[in-house]
Structure formats: C-alpha cells, structure tokens
Amino acid sequence: MMPTTEEMRAHLAAIPNVTVSADVPLALHTRFGVGGPADLYAETGSESAFLEALRTAQAAGIPTVVIGGGTNLIVSDRGYRGLVLRYRGDAFEANGSRVMAGAGSELQGLVNFTIDRGLKGLETLAGIPGWTGAAVYGNAGAYGHSISERVASVRFFDGLSVRAFSNTECEFAYRESIFKQHKDWIIFAVELELEPADREELRRAADGIVKIRNEKFPVTMRCAGSIFKNLLLRDLPHAAAAQVPAEAVREGKVPAAWFLEQVGAKGMQVGRIHVADYHANLIYNTGGGTAADLCALIQDLKARVESRFGLALEEEVQYVG
Ligand SMILES: Cc1cc2nc3c(=O)[nH]c(=O)nc-3n(C[C@H](O)[C@H](O)[C@H](O)COP(=O)(O)OP(=O)(O)OC[C@H]3O[C@@H](n4cnc5c(N)ncnc54)[C@H](O)[C@@H]3O)c2cc1C
C-alpha cells in the first residue's frame, strides 16, 4: 500500500542530510510565481542522500520531479502530487583550464568563478538565471553561445547507476540535450573545458552583458525569459520562411518574437499575465497571476501563429504538474 504523505515525509526525513517539508507552495520556488503546492519537497547537497531519497519515493510508487532554480518552469495551479527534489551540490573545482561544477550551483556563480580565474568561455552566459544542472539540461545560452560549447563531460544518474557522458553523447542542440529526452535522469555535475584569457576583459564583457540583460529582464520580473524557442530558418515551412524579412534572421534563426509580433502578441494579457509591450516572446506575471491564465495565453499565442504561418511554436519553458 502506498504510504501516506506524512509517512513518506518521515521516511525522507530519516535520511541524513535531507531536508523535507510537506505541502510546499511551488509558487515560492518559481520565478514566475505561479503554481500550487507540492505534496512533498526535499533537498540535499549530497549525491548519495539525493539518490536514497529518490529511491525511497520511487519504491513507494510516489512520482518524483527534479527542479533547479525554478526560473524556467510553469507549475500548474494544482501543484504536484508527489515529491519535488532539488539537488544542491554546488561545489566548484578548477584544474588548469578544466572546471568542475555541481549541478546545484548558480550558473552566475560558475561564470564568476571562471572569470576570477581568467578562464574564457562562459562570460556570454552572464546574467542567465538558474542553476548549472538545468543550464546543461536545456543547453542554456545567449549572445550566440551555449554552455554545450564548453562541456567536456556530464555526470548523471540514469535511473540505474551514476555515469558520465562526453559532450557528443549529450546530443546537444539549440536549447536541447539528451537529458530533455530522459526527464527521469538527474544531472549531478558538469566538467567544462575553458581557455586562459585576460580576467579584466572577461569581467568587462560579462558586466556589459548583465547591464543589457537587466534592462530587458528587470531582476524582480516574474517571468521565465523567453517562452518559446527561436526557429531555425532552414526548418520553417516554405510559405512561412518566404514571409520572414532577411533582417529578422540572426545566425540562421528567426526569433519566435518576430512571428509573435506579427500576430499582435505585444501587450496582450489574460488576467494578471501579460506579454511585454517591448518584447513579444516575454510573458510575465504582474503579481497574483495563475498558471491557468499563463497557459491560456500561451495556447492563444500558439494558435495565432499556427493559423497565420502554419507553424507550431515550441515552448522553451518546462511544465511541472
Ligand atoms: C529573466 C530570465 C532570462 C532568461 N534568459 C535566458 C537566456 O538568455 N538563455 C537561456 O538559455 N535561458 C534563459 N532563461 C531561462 C532559464 O534561466 C534557463 O532555462 C535556466 O537554465 C533554468 O535553470 P533553473 O535552475 O532555474 O531550472 P528550472 O527552471 O528549475 O528547471 C528547468 C528544467 O531543468 C530540469 N532540471 C533542473 N535541474 C536538473 C538536474 N539537476 N538534472 C536534470 N534535470 C534538471 C527541470 O526538471 C526542468 O525541466 C531565462 C530565464 C529568466 C527568468
């Protein structure tokens, strides 16, 4: 028989180094600020404790999901019936131009760590919110570069054992990796290969990027960055591609914002969820918005683009519950 939530809470609480709580509002753990409660919520910085918690829940038939900083999530208003886990191992280690980072570290912390050591390769990721594990999961990137360009290997749990994948085995692509195809796999650490460079120059580049980003995404904005992935020009249906002006194409990609703008997305709103009036691919919660309104707005935008251009926008944001 499946244990009650209280019984499972007690089992998890008995695992050394695991903190666990019941009935935790996930809106507090997502930057969008939407989402109902998780039955159970546990976190630990220990890989072995994490695995024990995971196995304990799974052996009892309790659904599990792992989250990071919650900056790319839409959690349903009903919340999550099961255990939400966070791995908080956040150690950094440098060995020459190789850097190892725990998946539970803040990506910005990793960027700073590398810049402080005069290591080039992650400075364009400055200002991307969230944690390192999720950055690998979604192959986060900005300013023409993605984390995958620097990944040497990823240490992860595949449901049976902990092993490592090389960069090629991670099957990275634009905002994609093999980990997105195996949502039950857990990333624990990543090893990056960087190159020596002038520390002050790297710092200047990163600070410049953060300044621009903070204007576009004010730090208090309840959002997830871009809602939809940009589109590769070569993959577009011919009729849609024919309508895209050359100046809208960047590095072979058409911003989803371009299509959204053509269908009147800017400034649209459902309840307290708004599309920014300066960026058609940026949706934010003005406070007290719901996941239902957020999803309704996303569906409306997808339907408009589908009907006008015959193409399906794909969410970059990930759903929980
Ligand atoms: C203001 C703003 C700006 C942004 N700008 C950018 C940008 O420029 N470029 C960009 O790429 N993204 C951007 N994002 C999106 C977001 O920052 C990234 O997707 C980030 O990598 C998410 O990290 P997170 O820790 O918050 O992940 P979460 O939102 O917590 O989780 C995202 C996904 O990762 C999975 N996951 C988390 N941890 C693990 C793990 N250890 N193992 C396996 N799976 C895991 C989760 O299950 C979930 O599906 C932006 C977001 C915001 C709010």
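Remember, it's 1-based here, ligands and their atoms both numbered in the order they're listed.
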Quick one: do Asp207 and Arg203 satisfy salt bridge (charged side-chain N to carboxylate O under 4.0 Å, His left out)? Show the steps, please. CA-CA 6 Å; Asp207 288 351; Arg203 178 47 64 200; 3.3 Å; yes
Run Arg199 and Asp116 through salt bridge (charged side-chain N to carboxylate O under 4.0 Å, His left out) and show every step you take. CA-CA 6 Å; Arg199 190 178 10 185; Asp116 288 347; 5.8 Å; no
Apply salt bridge (charged side-chain N to carboxylate O under 4.0 Å, His left out) to residues Glu316 and Lys229 and explain how you reach the verdict. CA-CA 5 Å; Glu316 185 173 320; Lys229 287 180 173 181; over 6 Å; no
Give the intermediate values and the outcome of salt bridge (charged side-chain N to carboxylate O under 4.0 Å, His left out) for residues Glu47 and Arg155. CA-CA 11 Å; Glu47 211 175 291; Arg155 180 178 158 79; 2.5 Å; yes
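Among protein heavy atoms, atom 12 (N) of ligand 1 sits closest to Glu316 OE2, 3.7 Å. The nearest protein atom to atom 20 (C) of ligand 1, hydrogens excluded, is given as Pro129 O, 3.5 Å; this is a heavy-atom distance. For atom 28 (P) of ligand 1, the closest heavy atom belonging to the protein is Gly70 N, 3.6 Å. For atom 31 (O) of ligand 1, the closest heavy atom belonging to the protein is Leu73 CD2, 3.7 Å.
Looking at ligand 1, you won't find any N or O of Asn139 less than 3.5 Å from one of its N or O atoms.
Applying the 4.5 Å side-chain rule to ILVMFWY residues, one finds that Leu160 remains a lone member of its cluster.
Under 4.0 angstrom from ligand 1, there are no non-hydrogen atoms of Met221. Heavy atoms from both the backbone and the side chain of Cys223 come within less than 4.0 Å of ligand 1.
Those atoms of ligand 1 that come under 4.0 Å of a heavy atom in Gly225, given as number and element, are 2 (C), 3 (C), 4 (C), 50 (C), 51 (C), 52 (C), 53 (C). Close approach of ligand 1 to Gly130 is summarised as follows: ligand atoms under 4.0 Å from at least one heavy atom of the residue are 23 (O), 24 (P), 25 (O), 26 (O). For ligand 1, the atoms sitting less than 4.0 Å from at least one non-hydrogen atom of Ala135 are 21 (O), numbered in the order shown with element in parentheses. Listed by number with element, the atoms of ligand 1 under 4.0 Å from a non-hydrogen atom of Ala142 are 8 (O). Those atoms of ligand 1 that come under 4.0 Å of a heavy atom in Gly68, given as number and element, are 25 (O), 28 (P), 30 (O), 37 (C), 38 (N). Distances below 4.0 Å separate heavy atoms of Gly141 from the following atoms of ligand 1: 7 (C), 8 (O), 9 (N), 10 (C), 11 (O). Below 4.0 Å from some heavy atom of Thr71 lie the following atoms of ligand 1, by number and element: 16 (C), 17 (O), 20 (C), 22 (C), 23 (O), 24 (P), 26 (O), 29 (O), 51 (C), 53 (C).
When all heavy atoms are compared, the tightest approach of Phe157 to Arg55 is CE1-NH2, 3.5 Å. Residues His145 and Leu125 come closest through the heavy atom pair O-CD2, 3.9 Å. In this structure, Leu194 and Gly121 approach most closely via the heavy-atom pair CD2-CA, 3.9 Å. Smallest separation of non-hydrogen atoms from Ser46 and Tyr87: C-CE1, 3.9 Å. For the residue pair Leu236 and Phe259, the shortest heavy atom distance occurs at CD1-CZ, 3.8 Å.
Among Ile187, Ile128, Ile186, the residue whose heavy atom lies closest to atom 41 (N) of ligand 1 is Ile187. Closest heavy-atom approach to atom 49 (O) of ligand 1 within the set Tyr174, Phe217, Tyr137: this belongs to Tyr137. For atom 43 (C) of ligand 1, the candidate residues are Trp185, Phe188, Phe179; the nearest heavy-atom contact is made by Trp185. In this comparison of Arg88, Arg222, Arg213, the heavy atom closest to atom 4 (C) of ligand 1 sits on Arg213.
Ligand 1 is never approached by Lys180 to a heavy-atom distance shorter than 4.0 Å. Residue Lys216 places no heavy atom under 4.0 Å from ligand 1. Under the 4.0 angstrom criterion for non-hydrogen atoms, Arg86 is not in contact with ligand 1. Within the structure, ligand 1 lacks Tyr87 among the residues with a heavy atom less than 4.0 angstrom away.
Figure legend: cation-pi geometry between Lys266 and Tyr278 absent, as NZ or CZ is not positioned both under 6.0 Å from the six-membered ring centre and within 45° of its axis.
Checked against the 6.0 Å centroid threshold, Phe156 and Phe179 count as a close aromatic pair.
Side-chain atoms of Asn139 come within 3.5 Å of backbone atoms of Ser148 as a donor-acceptor pair (strictly under, hydrogens ignored).
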